[in-house]
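First comes the structure, then the notes that go with it.
In what follows, residues are counted from 1 in the order of the sequence shown.
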Amino acid sequence: MAKSVLQIHPDDNLIVALEHLQAGNLVDINGELIKLLEAVPAKHKFACTDLAEGQTATMYGVTVGKALHAIKAGACITTDNLVHDSNDFCQRSGHYQWQAPNVDAWQGRTFKGYRRPDGRVGTANIWLVIPLVFCENRNVALMRETLRDVLGYEQHNDYKHFARNLADSYAQNADFNALGLNAGRSAQSPLFANVDGVKFLLHDGGCGGMRSDSDTLCQLLAAYIDHPNVAGATVFSLGCQNAQVSILQRELNKLNANFDKPLIILEQQKFVSEEALIEGALRETFAGLAEANKAQRSDVSISKLCFGVECGGSDGFSGISANPLIGRVIDRLVGVGGAGILAEFPELCGVEQQIVNRCVSDQVAERFIGLINAYKNSAARAGASFDMNPSPGNIKDGLITDAMKSCGASLKGGSTPIQGVYDYPEVVTTSGLSCLIVEQ
């Protein structure tokens with residue numbers, strides 16, 4: 001018989017409903033029968049003991065909230081009776097002991113990757129088209145509109161093809177209601193078979209604001225361009241913005257002094273017209289794509305893989321199903337010499353001490369504590385706090401407090417020791433598991 005409830009940790013006083021439970025149902029919690037005082041929807045929680053006003057509620061063995069008023073055993077947990085609360089944290093205690101999983105079955109495994117001259121390996125071979133300033137977004141969008149169909153990447157847009165069929169049928173007085181999404185679909189092979197796609201990135205920065213904002217943007221764009229999944233890039237610059245080409249080149253040099261990918265930089269104010277700019281961009285981008293197309297996939301050890309994980313679409317089951325599974329994958333990847341990145345913020349609220357204790361050194365732990373506190377203080381100055389984090393969808397699906405959400409979200413990082421902690425938009429350079437503090 002399938003279980004209908006789950007106590008995640010022996011010390012928990014909040015229990016997960018694995019299916020919709022009716023009021024009056026009796027549920028067995030460690031041999032004690034609890035009568036539900038009201039219906040508890042699947043993914044939601046109920047108290048298995050009486051909680052006094054102000055008493056802490058626990059899941060995953062840590063504090064996830066406190067009672068706004070007295071809560072009886074068997075009552076459903078909602079935003080009306082529970083508010084966010086979490087454990088304090090301090091310097092790491094003791095030496096973290098990790099029981100590495102058996103990875104014998106994965107030793108010697110390979111994947112088809114792109115070997116880069118600097119020794120890194122890409123899982124894809126992508127060309128980037130990016131603006132240095134938001135004024136150039138229109139030109140990047142024009143490149144996207146112009147190139148995708150010509151290069152053969154438009155085949156992924158089934159909806160555009162469907163819309164064309166609808167328009168043709170309407171013009172011919174045909175019954176367009178009978179058309180299906182893939183009616184008359186013919187696949188188009190990409191012109192450059194070894195280029196996995198062209199990505200067109202837009203943003204609203206690069207000018208205005210503080211100069212430090214432009215520096216951060218250039219640091220981020222340089223990291224994109226230098227990424228092993230990227231074969232080369234076309235960069236549009238207006239010329240007069242804060243985010244100057246020289247800043248981008250400086251940041252690229254910091255990341256990789258031997259950077260040698262095709263990099264096309266077009267400064268619009270140096271061209272006699274927009275037509276000349278776009279013509280030059282298309283001509284040089286085609287030449288760059290032809291160079292990128294020379295890359296070939298080859299067998300590479302899975303120890304070269306790096307998996308990044310972050311929050312997305314969480315519900316009341318994520319922390320007991322998908323997230324722990326992803327964490328086990330990270331543990332095994334680290335076990336064979338690969339790397340993982342836990343990119344969560346503020347989805348680490350409530351589990352900070354566990355993260356601190358997993359850091360391999362006091363220096364790494366202090367970096368984590370410093371960054372977490374800095375972001376907390378930044379949120380406070382803006383009149384915000386972590387208890388505002390769960391979205392309406394999170395709450396509807398059983399994640400009542402930020403700490404409750406964070407406990408499940410952090411499990412995507414598995415249990416491996418944390419080798420490094422990085423701030424936005426720093427590039428992870430350590431092996432093993434790292435923690436990237438990303439402001440969301």
Side-chain angles (χ1 to χ4, degrees), residues 1-51 55-87 309 311-328 344 346-351 354 386-387 389-415:
M1 180 178 178
K3 291 179 60 178
S4 60
V5 300
L6 175 67
Q7 185 182 35
I8 299 172
H9 188 278
D11 295 336
D12 291 352
N13 54 25
L14 298 188
I15 309 298
V16 184
L18 300 179
E19 59 187 37
H20 185 78
L21 304 175
Q22 301 290 345
N25 282 7
L26 292 175
V27 292
D28 185 343
I29 307 297
N30 298 322
E32 181 180 354
L33 292 179
I34 306 294
K35 183 178 180 179
L36 298 182
L37 304 181
E38 53 195 317
V40 182
K43 306 179 186 179
H44 284 254
K45 290 81 187 171
F46 62 91
C48 65
T49 61
D50 291 342
L51 299 178
Q55 186 174 345
T56 58
T58 57
M59 286 182 63
Y60 300 90
V62 302
T63 299
V64 296
K66 63 181 177 182
L68 285 170
H69 53 73
I71 303 174
K72 291 289 187 181
C76 184
I77 299 300
T78 70
T79 53
D80 293 328
N81 59 22
L82 193 76
V83 68
H84 168 84
D85 193 22
S86 61
N87 294 330
V309 297
C311 180
S314 300
D315 69 9
F317 282 166
S318 300
I320 60 175
S321 56
N323 292 348
L325 176 60
I326 293 171
R328 292 188 179 188
E344 296 285 346
E347 281 77 24
L348 294 176
C349 177
V351 294
Q354 287 93 322
F386 283 156
D387 60 356
N389 174 46
S391 68
N394 293 153
I395 294 170
K396 177 179 174 291
D397 277 339
L399 296 176
I400 304 301
T401 70
D402 183 42
M404 192 181 292
K405 179 180 178 181
S406 296
C407 287
S410 65
L411 295 178
K412 291 194 291 291
S415 60

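With rounding to the nearest 0.5 Å, the separation of CG in Asn389 from NE2 in His84 is 9.0 Å. Separating the CD1 atom in Ile320 from the CG atom in Leu18 is a distance of 5.5 Å, to the nearest 0.5 Å. To the nearest 0.5 Å, atoms CG (Leu26) and NZ (Lys35) are separated by 7.0 Å. Here the CZ-CG distance, from Phe46 to Leu36, works out to 5.5 Å after rounding to the nearest 0.5 Å. For the atom pair NZ of Lys405 and CG of Asp315, the computed distance is 11.0 Å after rounding to the nearest 0.5 Å. Rounded to the nearest 0.5 Å, atoms SG (Cys407) and CG (Asp12) are 9.0 Å apart.
Asn87 places no side-chain N or O within 3.5 Å of a backbone atom of Gly350 that could act as its donor or acceptor partner. Under the 3.5 Å distance criterion, the side-chain polar atoms of Ser406 are matched with a main-chain donor or acceptor of Cys349. A donor-acceptor contact shorter than 3.5 Å is absent between the side chain of Asp28 and the backbone of Leu33. The main-chain N or O of Ser314 is found under 3.5 Å from a side-chain atom of Asn394 such that the two form a donor-acceptor pair. In this structure, the side chain of Gln7 does not engage the main chain of Ile29 through any donor-acceptor pair within 3.5 Å. When atom types are taken as modelled, the side chain of His44 and the backbone of Ile400 share no donor-acceptor pair closer than 3.5 angstrom. Of the possible donor and acceptor atoms, one in the side chain of Asn13 sits under 3.5 Å from a partner among the backbone N and O of Thr58. Between the side chain of Lys45 and the main chain of Lys43, a donor-acceptor pair closer than 3.5 Å is present.
Between Leu399 and Phe317 there is no side-chain heavy-atom pair separated by less than 4.5 Å. In this structure, the side chains of Val5 and Val16 stay at 4.5 Å or more apart for every pair of heavy atoms. Side-chain atoms of Met59 and His9, non-hydrogen and from C-beta on, never get closer than 4.5 Å to each other. Counting only heavy atoms from C-beta outward, the side chains of Leu21 and Ser4 approach each other to under 4.5 Å. When side chains are defined from C-beta on, Leu14 counts as touching Ile77, because their heavy atoms get closer than 4.5 Å. Counting heavy atoms from C-beta outward, Thr49 and Leu51 have side chains that approach closer than 4.5 Å. Contact annotation: the side chain of Ile15 never approaches that of Val40 to less than 4.5 Å [non-hydrogen atoms, C-beta and beyond]. At a threshold of 4.5 Å between non-hydrogen side-chain atoms, the residues Tyr60 and Leu411 count as touching.
Remark: the Thr63 side chain and the Asp85 side chain contain no N/O donor-acceptor pair separated by less than 3.5 Å.
The two atoms that bring Asn81 and Cys76 nearest to each other are ND2-O, 2.9 Å, heavy atoms only. Of all heavy-atom pairs spanning Asn323 and Gly408, the tightest one is ND2-O, 3.0 Å. The two residues Gln354 and Val62 make their nearest non-hydrogen contact at NE2-CG1, 2.9 Å. The two residues Ala67 and Leu82 have their closest heavy-atom pair at N-CD1, 3.9 Å.
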